[in-house]
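Read the numbers this way: they start at 1 and go in the same order the structure lists the ligands and their atoms. The shown structure was predicted, so the numbers you read here are calculated from the model rather than taken from an experiment. Note that these values count all heavy atoms, side chains included, but never hydrogens, waters or copies made by symmetry.
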Amino acid sequence: MASEEIQKTSQNYTDAGNEMSASFLAAKERSAQTLAKLHENPAVFRMLTGDRPTGRLHLGHYFGSILERVAMQNLGVNTNIIIADYQVITDRDTTDHIQDNVFNMVLDYLAAGIDPHKTMIFTHSAVAAENQLMLPFLSLITEAELLRNPTVKSEMEASGHSLTGLLLTYPVHQACDILFCKANVVPIGKDNLPHIEITRTIARRFNDRYAKKHRIFPEPSAILSEAPEIPGLDGRKMSKSYGNSIMLSATAEETAKLIKKSPTDSERFITFDPLNRPQVSALLTTAGLVTKRLPEEIAQEIGNAGAGALKKYVIDSVNDFLAPLRERRAELAQDMDYIKDVLHDGNRRANEIANETLNQVRDAMGMKY
Ligand code: TRP
């Protein structure tokens, strides 16, 4: 998931090409197969994915995940989005601005095309029964399995704090997010692949141990975004802390200012060369995504007109692209009570589903009193 926070994988744009490990390629292949099946028969799929409410959504989220969620929603897949508020405190010790971030996340979703009549939007903290699944699930996984999760390791290093119990076990919590509603497809970024592995392990072990005859949980498949990873405006990974991302909620003026001050290089002639010219290429990639053109073609067109002309093109094309979304967002923001209603309704539905699943789990475990 194009997660905006502190460089989760500490991977930057220039070494993107080196990330093609065998297991990643295999995951990509499985993801493509799942996606093909989903297009054939959307009605048998239940999708769950989510975001941490640590700030506003940006263009990276839009192209990396939101677009695909909207497409699945409109295909007729049962779609569910969790705003992972408990995950916020895995690597920081404050919940400042959390309410504002959550409401604005709902706004961003709706402005980007998520339809609350089709997609259930809810938060961790409002669904008690979902969280209660954590106890039996924790019993199904060992300390060693938790400790070797590479994403947890890099998040711990990036946080600068020691490993908390929650950071160590949040992948199990993520399994609760996914399995409480029996989702069978989970769109994520590659940093979340280990968490889907843990989820599959938990589902399998639970079924083997307690529900052999009537399996309760599916073993969900990961779907990796097909979109190219969108770099931050300066060529580094898009991250709130670098100030290099274009927020969906920013004004046209703020966007222009941000793009104008993004660094380029001293060579006038514009070429698309991500390895040697990451900054110019990041601008071209951004323009390519919003215009559905090839970055190479845009580079050729601008050529000797230089970085100034390139930036003008990026500013205009990004602002044109985002204008209708921003207009919808501003309209929606006039009625925050409606936004709260959307979330309350999602939370209510999520509770119904979670209570039902927890009852099945209690039954399977013989905990019926
Ligand atoms: N871990 C995800 C992230 O940091 C967010 C998330 C929480 C999630 N629960 C989930 C994603 C369940 C997919 C499914 O970006």
Polar atom proximity, His195 to ligand 1 (N or O, under 3.5 Å): no
Numbering as shown, the atoms of ligand 1 that approach Val186 to under 4.0 Å (heavy-atom distance): 13 (C), 14 (C)
For Arg52, atoms of ligand 1 separated by under 4.0 Å from a heavy atom: 4 (O)
Validation row, ring centre His173 to ring centre Phe137 under 6.0 Å: no
Results of salt bridge (charged side-chain N to carboxylate O under 4.0 Å, His left out) for Asp316 - residues two or more places apart only: Lys312
Per-residue contact class, Asp191 against ligand 1 - non-hydrogen pairs under 4.0 Å: neither
Carboxylate-amine/guanidinium contact Glu352 Arg348, below 4.0 Å: yes
Nitrogen or oxygen of Thr49 less than 3.5 angstrom from that of ligand 1: no
Pair Asp51-Tyr109, side chain to side chain donor-acceptor pair (under 3.5 Å): steps then yes or no: CA-CA 11 Å; Asp51 301 293; Tyr109 290 152; 2.6 Å; yes
Considering all heavy atoms, the nearest Ser245-Met238 contact: CB-CG, 3.2 Å
Among Thr54, Thr151, Leu48, closest by any non-hydrogen atom to atom 12 (C) of ligand 1: Leu48
Under 3.5 Å: N/O of Gln87 near N/O of ligand 1: yes
Contact (N/O only, under 3.5 Å) between Gln174 and ligand 1: yes
Enumerated ligand 1 atoms positioned under 4.0 Å from heavy atoms of Ile188: 13 (C)
Ligand-side contact atoms (ligand 1) for residue partner Ala84, heavy atom cut-off under 4.0 Å: 7 (C)
NZ/NE/NH1/NH2 to OD/OE distance under 4.0 Å, Lys340 and Asp335: no
Passing candidate, salt bridge (Lys or Arg N to Asp or Glu O under 4.0 Å) with Arg52, options Asp91, Asp177, Asp85: Asp91
